[in-house]
Engineer: 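What follows is a structure written as structure tokens; I'll ask about it next.
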2 protein chains.
Amino acid sequence: MKIAIDAMGGDHAPASNVEGAIIAAQTWSDIDIILVGDAAQIEPLVTVKLGNLHIHHCTEVIGPEDEPVKAVRRKKDASMVVAGRLVREGQADAMISAGNTGALMTTGLLIVGRMEGIERPALAPMLPTMDEVGVLALDLGANMDAKPEHLVQYAIMASVYRSKVHGMNNPRVGLLNVGTEAMKGNELTKATYPLLEEAPIKFVGNVESRDVLERNCDVLVCDGFVGNILLKTLEGTAGSLLSVLKREFTKNVFTKLAAAIMMPGLKGLKKTMDYKEHGGAPLLGLNGLVIKAHGSSDANAVKNAVRQARVAIQNQLIQTISAEISRK
Amino acid sequence: MKIAIDAMGGDHAPASNVEGAIIAAQTWSDIDIILVGDAAQIEPLVTVKLGNLHIHHCTEVIGPEDEPVKAVRRKKDASMVVAGRLVREGQADAMISAGNTGALMTTGLLIVGRMEGIERPALAPMLPTMDEVGVLALDLGANMDAKPEHLVQYAIMASVYRSKVHGMNNPRVGLLNVGTEAMKGNELTKATYPLLEEAPIKFVGNVESRDVLERNCDVLVCDGFVGNILLKTLEGTAGSLLSVLKREFTKNVFTKLAAAIMMPGLKGLKKTMDYKEHGGAPLLGLNGLVIKAHGSSDANAVKNAVRQARVAIQNQLIQTISAEISRK
């Protein structure tokens with residue numbers, strides 16, 4: 001199987017992408033990795049000769065400040081766009097990028113292409129949970145507004161993902177809402193609830209955001225606007241609390257002693273709350289596998305994204321989603 | 001001025017309400033407090049004789065499990081409904097209740113009545129911020145869906161509230177959104193943005209939920225669904241983190257020592273994150289002042305809600321909101 005990596009995307013590009021690709025190519029001999037980007041920058045970083053690590057040269061780069069649609073349309077030789085084209089043309093089974101999120105979603109839509117039967121592809125990162133298993137949440141930003149039928153498709157796609165990639169039997173699907181009773185919510189959730197009850201998934205009803213961290217479901221569906229608010233509130237609250245904690249721990253010599261005692265536990269807590277630990281976020285509903293790695297990905301995060309893509313390809317994620325969607 | 005308290009509402013009713021009323025009546029001689037509820041239960045709790053503390057007997061109670069609209073319509077002699085009627089008839093300038101939130105919003109709408117020119121009254125609690133000043137956020141659950149014009153009215157009402165009740169000059173109004181750029185968001189926020197730019201308020205643009213804790217605005221507007229998700233995510237994340245912290249601190253004798261050292265700082269942190277500390281939430285857009293005290297309010301919280309009502313009445317909150325809305 002072949003996995004294309006946008007070598008030029010992300011805060012630490014191309015070094016982290018190249019390093020991660022090398023480790024992945026060394027770890028799994030059954031995959032071929034294609035580093036897409038400027039060969040002049042990539043080649044000096046490839047310190048070992050590996051038969052399954054290739055460079056696909058291209059000249060352009062989409063940066064974090066680029067306007068997504070315009071950039072994807074105009075920069076036809078950008079590393080992200082070329083990686084998308086490799087997937088569309090069957091020269092790669094998956095692509096991974098740590099670059100501009102909006103541009104990657106646009107690349108998915110315009111270059112890789114929508115899966116037949118899917119109206120809106122969705123971005124599905126893992127939200128952190130206290131038990132460290134995580135909840136696959138979608139949509140987290142690909143489409144701001146959604147219709148009830150979109151949420152149903154999100155639920156089906158994410159259920160297949162958790163089953164195929166995480167080996168989870170009958171993942172529990174929750175509808176993000178303001179209360180657990182069936183008739184709670186806004187117009188969207190009220191109209192979606194009965195549709196989810198009839199969908200070929202394990203629907204466990206409405207789920208409140210305050211319970212997400214306790215993992216009361218395995219898949220959480222919501223529109224992209226609400227999902228984004230949820231994710232950023234989680235991040236913001238955890239970040240603020242941890243920074244106050246840090247301030248309290250560095251107040252004087254006694255609190256510094258306390259900090260030393262508590263360090264292992266606090267490190268674990270910080271790790272638990274860091275959703276970057278959970279690997280890349282798949283963009284579901286496309287004619288191929290596209291994985292968004294976090295912008296700040298290091299080599300290890302890139303390697304983990306390759307692992308994720310490899311498992312998804314081995315277990316025929318895209319084909320299964322397509323079959324489920326057309327069956328519906 | 002006269003303030004009606006729903007003596008039978010809340011987790012610790014009627015004791016906490018009566019005790020809070022006594023303290024408030026003793027503290028402020030310029031107010032008359034009317035305890036609305038079952039005299040047989042209230043009278044034994046009134047341990048001191050005060051000229052400005054009165055009991056208004058009624059026989060029914062709306063409980064936490066009651067269906068709001070049905071309960072308000074049928075239980076015409078319920079303490080909450082009677083308190084609302086006192087406000088409507090001008091026998092009280094304000095009412096405070098720690099009871100069923102949905103029923104209180106219904107009481108506001110059906111008994112106290114909507115202010116002329118207001119389409120949707122909104123519930124406006126303070127969200128905690130790290131600097132402990134807080135952000136007045138609305139709507140947090142009175143109406144799940146909202147139109148752009150509703151959000152503009154929320155912004156105007158809340159600006160008046162922060163100015164009149166908190167003495168804040170030119171409170172900064174933010175629109176809860178997924179990014180700070182003007183064109184970000186869903187259909188609702190995109191349509192609302194230009195209207196807020198023209199409204200008679202200090203609009204500071206879009207605000208991301210992760211920055212709310214850092215108080216990047218003084219008033220935060222959003223629809224009731226999104227507001228509820230925001231509030232419950234804040235609560236849930238803070239609660240989960242603090243509980244993990246507690247577990248880590250009680251692991252062994254060394255961590256318990258660390259806990260003892262850190263106790264004052266952690267207590268402060270817990271207090272910072274507790275939005276109940278910020279007093280009751282006004283229900284804005286009614287023909288009178290209605291304050292929702294937290295269900296778990298103790299006597300001190302009830303006293304604080306009375307203080308809040310007193311300041312609002314002194315500074316003609318309702319009259320000013322009405323003038324601003326009709327001026328628009």
Side-chain angles (χ1 to χ4, degrees), chain A residues 129-130 141 143-146 176-179 184-190 208-214 222-245 247-249 251-252 254-262 264-266 268-269 272-273, chain B residues 129-130 141 143-146 176-179 184-190 208-214 222-245 247-249 251-252 254-262 264-266 268-269 272-273:
Chain A
T129 56
M130 300 319 284
N143 307 285
M144 286 298 125
D145 293 285
L176 182 61
N177 211 329
V178 301
K184 279 274 180 180
N186 59 8
E187 285 169 23
L188 175 64
T189 61
K190 283 187 208 169
E208 290 196 71
S209 55
R210 71 173 138 213
D211 301 322
V212 170
L213 280 167
E214 307 301 329
C222 55
D223 70 54
F225 186 85
V226 169
N228 191 290
I229 297 290
L230 170 70
L231 179 65
K232 286 185 178 156
T233 311
L234 264 173
E235 281 186 307
T237 310
S240 291
L241 281 179
L242 291 172
S243 75
V244 170
L245 213 53
R247 195 185 66 208
E248 293 293 331
F249 271 123
K251 252 184 179 166
N252 58 47
F254 299 107
T255 61
K256 281 178 187 163
L257 169 69
I261 296 170
M262 297 303 297
L266 292 175
L269 177 63
T272 300
M273 291 309 299
Chain B
T129 57
M130 299 320 284
N143 309 284
M144 287 297 124
D145 294 285
L176 182 61
N177 211 330
V178 301
K184 279 274 180 181
N186 59 9
E187 285 170 22
L188 175 64
T189 61
K190 284 187 207 169
E208 291 196 70
S209 55
R210 72 173 137 212
D211 301 321
V212 170
L213 280 166
E214 307 301 330
C222 55
D223 70 54
F225 186 86
V226 169
N228 191 290
I229 297 290
L230 171 69
L231 179 65
K232 286 186 178 156
T233 310
L234 266 173
E235 282 186 305
T237 309
S240 291
L241 281 179
L242 291 173
S243 75
V244 170
L245 214 53
R247 194 185 68 207
E248 293 293 333
F249 271 123
K251 251 185 179 165
N252 57 47
F254 299 107
T255 61
K256 281 177 188 165
L257 169 70
I261 296 170
M262 297 304 295
L266 292 175
L269 177 62
T272 300
M273 291 309 299

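Below, chains carry the letters A, B, ... as their sequence lines are ordered, and counting in each starts from 1. Everything numeric in this text was worked out from a predicted model, so none of it was measured.
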Engineer: Applying side chain to side chain donor-acceptor pair (under 3.5 Å), name anything that partners A:Glu187, two or more places apart in sequence or on another chain.
Structural biologist: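 By the side chain to side chain donor-acceptor pair (under 3.5 Å) rule, A:Glu187 matches no residue at all.
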Engineer: Does some side-chain heavy atom of B:Leu257 sit less than 4.5 Å from a side-chain heavy atom of A:Ile261?
Structural biologist: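 Yes - at least one pair of side-chain heavy atoms lies under 4.5 Å apart.
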Engineer: Looking at B:Ser209 and A:Ile229, would you say the former's side chain and the latter's main chain have a donor-acceptor pair under 3.5 Å?
Structural biologist: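 The answer is yes, because a donor-acceptor pair under 3.5 Å joins these two groups.
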Engineer: Do the non-hydrogen side-chain atoms of A:Leu188 and B:Phe225 ever get within less than 4.5 Å of each other?
Structural biologist: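 Result no, sub-4.5 Å side-chain heavy-atom pair not found.
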Engineer: Considering only heavy atoms, which portion of B:Asn252 lies under 4.5 Å from any heavy atom of chain A: side chain, backbone, both, or neither?
Structural biologist: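 When you check distances to chain A, no heavy atom of B:Asn252 falls under 4.5 Å.
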Engineer: Could you check whether atom NZ of A:Lys232 has more than 12 heavy atoms from other residues, nucleotides or ligands sitting under 6.0 Å from it?
Structural biologist: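 Above 12, so yes.
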Engineer: Quick check for you: among A:Ser240, A:Cys222, A:Gly179, which has the greatest number of heavy-atom pairs under 4.5 Å with chain B?
Structural biologist: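 Option with the greatest count: A:Ser240.
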Engineer: Which of the residues B:Leu213, B:Asp223, B:Val244 is involved in the greatest number of heavy-atom pairs with chain A at under 4.5 angstrom?
Structural biologist: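 Among B:Leu213, B:Asp223, B:Val244, the one with the most close pairs to chain A is B:Leu213.
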Engineer: Looking at chain A, which one of B:Ala259, B:Ser243, B:Ala258 has the largest number of heavy-atom pairs inside 4.5 Å, strictly under?
Structural biologist: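 Sorted descending by pairs with chain A, the first entry is B:Ala258.
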Engineer: Let's test your reading of the structure: which of A:Gly224, A:Gly265, A:Gly141 forms the most heavy-atom pairs below 4.5 Å with chain B?
Structural biologist: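 Answer, by heavy-atom pair count under 4.5 Å with chain B: A:Gly265.
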Engineer: Distance from A:Asn186 atom CG to B:Asp145 atom CG, nearest 0.5 Å?
Structural biologist: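 Answer rounded to 0.5 Å: 4.5 Å.
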Engineer: What pairs with B:Ala238 under side chain to side chain contact (heavy atoms under 4.5 Å, CB included), at least two apart in sequence or on another chain?
Structural biologist: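 Scan of B:Ala238 (side chain to side chain contact (heavy atoms under 4.5 Å, CB included), adjacent residues dropped) gives A:Thr237, A:Leu241, B:Met273.
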Engineer: So which of A:Leu230, A:Asn143, A:Asp211 has the largest heavy-atom pair count under 4.5 angstrom toward chain B?
Structural biologist: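 Most heavy-atom pairs within the cutoff with chain B belong to A:Leu230.
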Engineer: Contact part of A:Leu176 toward chain B, heavy-atom cut-off under 4.5 Å: side chain, backbone, both or neither?
Structural biologist: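 Looking at A:Leu176, backbone and side chain both touch chain B.
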Engineer: Look up atom CD in B:Glu235 and atom OG1 in A:Thr233, then write down how far apart they are to the nearest 0.5 Å.
Structural biologist: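 Interatomic distance, B:Glu235 CD to A:Thr233 OG1, rounded to 0.5 Å: 12.0 Å.
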Engineer: Looking at A:Lys251, A:Arg247, A:Glu208, which one has more heavy-atom pairs under 4.5 Å with chain B than the rest?
Structural biologist: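 Top option by heavy-atom pairs under 4.5 Å: A:Glu208.
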Engineer: Need one label for A:Thr189: side chain, backbone, both or neither, based on atoms under 4.5 Å from any heavy atom in chain B.
Structural biologist: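 For A:Thr189, side-chain heavy atoms alone lie under 4.5 Å from chain B.
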Engineer: Report which part of B:Val178 has an atom under 4.5 Å of a heavy atom belonging to chain A: side chain, backbone, both, or neither.
Structural biologist: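 Contact with chain A is through both the backbone and side chain of B:Val178.
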